[in-house]
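Nothing here was measured: the structure is a model prediction, and the numbers come from that model. Naming: A, B, ... by sequence-line order, numbering from 1 per chain.
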2 protein chains.
Amino acid sequence: MPDSAFGEIRDLPLFAAMTDANFAALVRGAYVQTFPAQIELIAEGDPSDFLHIVLSGSVDLFASWNGRETSLATVRPISTFILAATVRDAPYLMSARTLEKSRIALIPSQDVRAVFDIDANFARAVVTELAQCYRSVVKAQKDLKLRTSLERLANYLLRQQRRAGGAVSFELEHEKRRLASVLGMTPENLSRAFKGLQPYGLAVDGARVTITDQAELLRFARPSPLIDDAAT
Amino acid sequence: MPDSAFGEIRDLPLFAAMTDANFAALVRGAYVQTFPAQIELIAEGDPSDFLHIVLSGSVDLFASWNGRETSLATVRPISTFILAATVRDAPYLMSARTLEKSRIALIPSQDVRAVFDIDANFARAVVTELAQCYRSVVKAQKDLKLRTSLERLANYLLRQQRRAGGAVSFELEHEKRRLASVLGMTPENLSRAFKGLQPYGLAVDGARVTITDQAELLRFARPSPLIDDAAT
DNA sequence: ACGTGGCCTTGACATTTATCAATCGGAGGG
DNA sequence: CCCTCCGATTGATAAATGTCAAGGCCACGT
């Protein structure tokens, strides 16, 4: 294991507070690999053999049932996924695939659990990370159950605008078909939803979105920090 | 603080492995209180002052937005709620109200965080609990996005049947209006959904549900351990 | 330059779900 | 015992969302 490859994750909140020795134990059996786009990294139901960390690129977490499929989240650098399955030594609840060419670090789950048992700082960091993940899913749940598809799209766009630095105009970062799945609707409906937001100050051209009337869109979307703020 | 009042939570997985001294520190500022039904214990957006533990009765976790409201989960004895908010010292994402007369233990959040910082066993227990909570929400998310309301009801009933010991006939444990909210539909639709399941081996009389054709209902519901098993 | 394939869009239609209004029926109080 | 209230149900209707089929657009490779 070249140490250099793990330098970039050493400072992650998850690993920052642990001892060098324990970090070394963690990465001893780990490796970093580059995957092309559209590769399925894990499948739901599989045993959780590795904790995954996205170093570059992006990963789609999705789930299937009865022939249907839905995207649940996108993982961006630098963060982990399926931490909960690793901790509980339980099967993955979601599948994961690369959205683009991505570098992924894989740490054997048993090593994570072993170090977790002996390094209190690491255990605390895991708690913080998990609590964060939990709250994200709860927010997604509220988004889904309390809002219509038009409202979800409007709030999604406002969140994206913030991610893009607040500019009036920005590019969508996902394929629209996947965005539709994330938002819990069909691609056809997403097209109509974009049109449906035009009266509320939105213009779309391909992947470029322009918020022509911020106040009006805000009035329609009614974003709430308890649903839309990533930080809290 | 009468020690007796906390004996029943001492053996919870969350507290079992911690030292007596730390447990004492945890319950020093804690208290137990009995609330009548329909009391709002916490409101979403409030700072997380206390970790709550349901000792008896039951508690509804719900959320509101823009005049709408939805139930997200039910907490039964003996378990905690809003652990994630406590850990992160962040505002509650959900409101909570008693569904019936309930005894609740309240532990000051700052004490939880303080003990969490010095007791590795407690920290590990919190991780396990949080990972469990996280996986529950993910399952709920999959249920919501991958299934129609009829399918959600069918699978809910099969889960309830298992909870009730597997008997062919059992009582619903929630008001139907609340069950509708949990399942993400209106009460009117829930009524129709019950009727819609009759051809698949279901009979309903008030709160009593009878599965007249288990095989047929299973064939329709197609339960999956990755959505419907509480344990995994 | 020209196909070609994939994704997006559009329209027509079907299905699902919500809304509104009215009624039913059981639990509890006078 | 009857009345009243509240939740559950039902029917009619509207709105939201999904499905199917067709066509447009753009990027890609030959």
Side-chain angles (χ1 to χ4, degrees), chain A residues 36-38 60 65-71 97 99-101 143-157 171-200 202-209 220-221, chain B residues 36-38 60 65-71 97 99-101 143-157 171-200 202-209 220-221:
Chain A
Q38 305 301 330
D60 180 33
W65 178 80
N66 205 16
R68 296 165 216 165
E69 181 182 309
T70 187
S71 285
R97 76 183 141 222
L99 286 168
E100 54 193 307
K101 188 175 168 215
D143 189 44
L144 210 55
K145 289 186 80 174
L146 289 168
R147 291 171 169 164
T148 66
S149 59
L150 215 57
E151 290 163 345
R152 289 199 296 279
L153 176 59
N155 280 292
Y156 172 85
L157 292 174
E171 299 275 333
L172 294 174
E173 52 186 1
H174 296 307
E175 226 177 3
K176 284 187 183 170
R177 54 161 48 200
R178 216 180 75 77
L179 174 56
S181 181
V182 169
L183 293 176
M185 57 178 117
T186 58
E188 293 95 329
N189 245 317
L190 178 62
S191 272
R192 294 177 186 117
F194 272 120
K195 280 197 163 177
L197 287 179
Q198 283 177 16
Y200 300 103
L202 187 80
V204 187
D205 177 40
R208 173 149 294 268
V209 172
F220 174 80
Chain B
Q38 305 301 331
D60 181 33
W65 179 78
N66 205 17
R68 297 165 216 165
E69 183 182 307
T70 187
S71 285
R97 77 183 141 223
L99 287 168
E100 55 194 305
K101 187 173 168 217
D143 189 45
L144 209 56
K145 290 186 80 176
L146 289 169
R147 290 171 170 165
T148 66
S149 59
L150 215 57
E151 290 163 345
R152 289 199 296 278
L153 175 59
N155 280 292
Y156 172 85
L157 292 174
E171 299 275 333
L172 294 173
E173 52 187 0
H174 296 306
E175 227 178 1
K176 284 187 183 171
R177 54 161 47 200
R178 214 180 74 77
L179 175 56
S181 181
V182 169
L183 293 176
M185 56 179 119
T186 58
E188 293 95 328
N189 246 316
L190 178 61
S191 274
R192 293 177 187 119
F194 273 120
K195 283 198 163 179
L197 286 180
Q198 283 177 15
Y200 300 103
L202 188 81
V204 187
D205 179 38
R208 172 149 293 268
V209 172
F220 174 79

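- Comparing A/L150 and B/G206 by the nucleotide of DNA chain D that holds the closest heavy atom to each, the one mapping nearer the 5' end is B/G206.
- Atom CG of B/N189 is separated from atom C1' of D/dA12 by 14 Å (rounded to the nearest Å).
- A sub-4.0 Å separation between OP1 or OP2 of C/dC8 and a side-chain N or O of A/S191 is absent.
- Protein atom CG of B/L190 is 15 Å distant from nucleotide atom C1' of C/dT16, rounded to whole Å.
- For the pair A/R208 CZ and D/dC25 P, the interatomic distance rounds to 21 Å; values are reported in whole Å.
- When the P atom of D/dA8 is taken as reference, atom CZ of B/R178 falls 12 Å away, rounded to whole Å.
- Comparing D/dT10, D/dA8, C/dT9 by their closest approach to the side chain of B/K195 singles out D/dT10.
- The side chain of B/E188 has C/dC20 as its nearest neighbour among C/dC20, C/dT9, D/dT17.
- Residue-to-nucleotide contacts include a donor-acceptor pair under 3.5 Å from the side chain of A/R192 to the base of C/dG11.
- Counting heavy atoms from C-beta outward, A/F220 and A/L202 have side chains that stay 4.5 Å or more apart.
- When the P atom of D/dT17 is taken as reference, atom CZ of A/R152 falls 7 Å away, rounded to whole Å.
- Side-chain contact check for A/V204 versus A/K176: some heavy-atom pair is nearer than 4.5 Å.
- Rounded to whole angstrom, the span from the CG atom of B/L172 across to the P atom of D/dG7 amounts to 16 Å.
- Between B/K145 atom NZ and D/dG18 atom C1' the separation is 15 Å, expressed in whole Å.
- Using a 4.5 Å heavy-atom threshold, the side chains of B/D143 and B/Y156 count as separate.
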Apply side chain to side chain contact (heavy atoms under 4.5 Å, CB included) to the pair B/N66 and A/L146, showing each step before the final yes or no. CA-CA 8 Å; B/N66 205 17; A/L146 289 168; over 6 Å; no

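- Closest approach to the A/T148 side chain among D/dT10, D/dT19, D/dT17 is made by D/dT17 (side chain taken as heavy atoms from C-beta onward).
- At least one side-chain heavy atom of B/R68 sits less than 4.5 Å from a side-chain heavy atom of A/T148.
- As rounded to whole Å, 23 Å separates atom P of D/dA15 from atom CE of B/M185.
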